[in-house]
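Working notes, beginning with the structure itself.
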Amino acid sequence: MPAYAVIGGQWGDEGKGKVIDYLAGKVASVVRYAGGNNAGHTVVNDRGKFELHLIPSGICWEGVSGIIGNGVVVDPEGLLSELDGLGSRGVDTSLLYVSERAHVIMPYHIVLDELEEKAKGVNAVGTTGRGIGPTYVDKVSRIGIRIGDLLDIKGVLVPRLEQALSFKNALFTKVYEVEPVNLDDILAKCRVWADRLAPHIQPTEQIIQDLLAGDKSILLEGAQGTLLDVDHGSYPYVTSSSPSIGGACIGLGLNPQEIAGVVAVFKAYSTRVGSGPMPSELLGDFADELREKAHEYGTTTGRARRVGWFDAVAARYSRQVNGLTGMVLTRLDILDGFSAVKICVGYEVDGQRIDRFPSNTGLLERCQPVYEEHPGWDQPTASATDVSHLPANALSYVRRIEELVGCQIQIISTGPSREETILVHEIIPG
Ligand code: IMP
């Protein structure tokens with residue numbers, strides 16, 4: 001049976017956690033392929049509210065396994081605290097598997113993330129400070145530590161750590177002029193991680209292939225969003241992985257023919273955390289009102305999110321990069337009660353109209369939004385469970401987004417819980 005992907009269509013925080021939890025009952029496994037605990041996925045179901053950063057959002061469904069693929073970077077401390085948190089609330093985590101090929105976020109990566117951001121000064125990316133970038137750098141530099149290395153401390157881990165620390169400590173002492181890292185301190189932590197994580201460390205590519213050969217589907221869980229993709233996002237204000245669909249093949253050992261559907265989640269407006277261009281950004285009192293109403297503060301860092309109108313130019317780009325087969329629209333209820341709502345339908349730079357998302361960040365920064373205004377709606381969309389419950393103006397807004405992006409909306413989310421969902425078209429058949 002095939003794989004279906006649910007990924008971020010914007011700058012992350014689109015509400016993927018809720019959508020994945022809603023769909024996960026239909027699959028054998030929910031699988032993360034990129035990023036790390038920089039993500040923050042909120043899930044609200046009959047067991048309560050869960051804030052997940054690394055563990056796939058289907059974990060609350062009994063019998064559904066969770067897989068952290070090779071493309072993910074794993075902070076073992078973060079993973080253990082999530083496992084403990086879920087365990088203390090009675091959630092079974094025995095079916096959580098971590099790829100032996102996934103790279104480990106070491107304590108020195110977290111320190112480096114902070115030092116690099118400080119050194120960048122006004123050009124800082126505004127990272128989550130979780131050590132994500134420095135871990136991917138080491139992976140590509142071939143001096144990273146993989147989760148599987150923890151299971152062979154003497155034979156593999158010690159020599160690899162010695163090599164990595166020779167580079168890191170030169171950097172710490174000579175460039176940043178801070179204290180070096182002690183090998184024994186790190187090894188002591190590795191021993192604890194190895195003991196606790198050993199049952200979860202598996203050849204996940206094989207598990208995935210076996211599942212696909214059986215009669216159940218799997219769900220690929222994107223983290224962050226397409227506009228934060230290291231290649232396709234607003235570089236350099238991006239994360240260090242590939243949240244777009246291409247990252248799923250690399251990050252899981254999956255071939256593209258096995259992916260039957262690619263659905264991206266979009267908020268009914270826009271948000272962004274951290275630095276970088278955001279053409280439809282709103283500032284001032286209305287932005288504050290929207291932010292407070294939607295409680296737009298980061299799940300991972302608590303930072304206030306930048307807010308803006310729905311950007312159809314960026315969304316269309318996202319559709320193209322990912323070959324989207326469908327969309328999910330979340331947080332429509334946040335727009336309830338506004339007298340008018342706007343959609344960014346183009347950009348203007350130096351008096352010229354642009355209808356494409358530029359790769360040149362300088363150009364993107366100068367893009368002024370061209371808006372289309374639509375009448376708002378007074379009746380609530382909150383908690384609606386059927387398209388027929390939507391006020392006429394809300395439905396026209398949804399239809400206009402579909403038209404501008406060129407893609408069908410398959411689910412509309414009208415609140416945080418599983419039930420507050422309008423299923424327009426099935427994403428996973430059966
Ligand atoms: P990093 O992933 O921590 O290196 O941060 C790089 C950029 O991606 C920063 O602008 C972060 O705010 C942003 N970012 C990373 N993860 C998320 C996420 O899950 N949601 C929204 N923004 C994120």
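We count ligands from 1, going down the list as the structure has it; atoms in each ligand are counted the same way. Computed over heavy atoms, backbone and side chain alike; hydrogens, waters and symmetry mates excluded.
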Distance dump, ligand 1 polar atoms to protein, N/O, under 3.5 Å:
residue: ligand 1; atom: 2 (O); partner: N38; partner atom: ND2; Å: 2.9
residue: ligand 1; atom: 2 (O); partner: T239; partner atom: OG1; Å: 2.6
residue: ligand 1; atom: 3 (O); partner: T128; partner atom: N; Å: 2.8
residue: ligand 1; atom: 3 (O); partner: T128; partner atom: OG1; Å: 2.6
residue: ligand 1; atom: 10 (O); partner: V273; partner atom: O; Å: 3.1
residue: ligand 1; atom: 12 (O); partner: G126; partner atom: O; Å: 3.3
residue: ligand 1; atom: 12 (O); partner: V273; partner atom: O; Å: 3.0
residue: ligand 1; atom: 12 (O); partner: R303; partner atom: NH2; Å: 3.0
residue: ligand 1; atom: 16 (N); partner: Q224; partner atom: NE2; Å: 3.2
residue: ligand 1; atom: 19 (O); partner: N38; partner atom: O; Å: 3.3
residue: ligand 1; atom: 19 (O); partner: Q224; partner atom: NE2; Å: 3.4
residue: ligand 1; atom: 20 (N); partner: D13; partner atom: OD1; Å: 3.0
residue: ligand 1; atom: 20 (N); partner: D13; partner atom: OD2; Å: 3.3

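- With E296 as reference, R331 is the one residue of R331, R272, R306 to meet the salt bridge (Lys or Arg N to Asp or Glu O under 4.0 Å) rule.
- You'll find the ring centres of W309 and F286 inside the 6.0 Å limit.
- Residue I250 places its CD1 atom among 12 or fewer non-hydrogen atoms of other residues, nucleotides or ligands, all under 6.0 Å distant.
- Because its NZ or CZ atom is both nearer than 6.0 Å to the ring centre of F338 and within 45° of the ring axis, K293 counts as a cation-pi partner of that residue.
- For residues 161-183, every residue pair satisfying the side chain to side chain donor-acceptor pair (under 3.5 Å) rule, not counting sequence neighbours, is listed here: D138-K168.
- Just one of S244, S234, S241, S318 meets the side chain to side chain donor-acceptor pair (under 3.5 Å) condition when paired with D229; it is S244.
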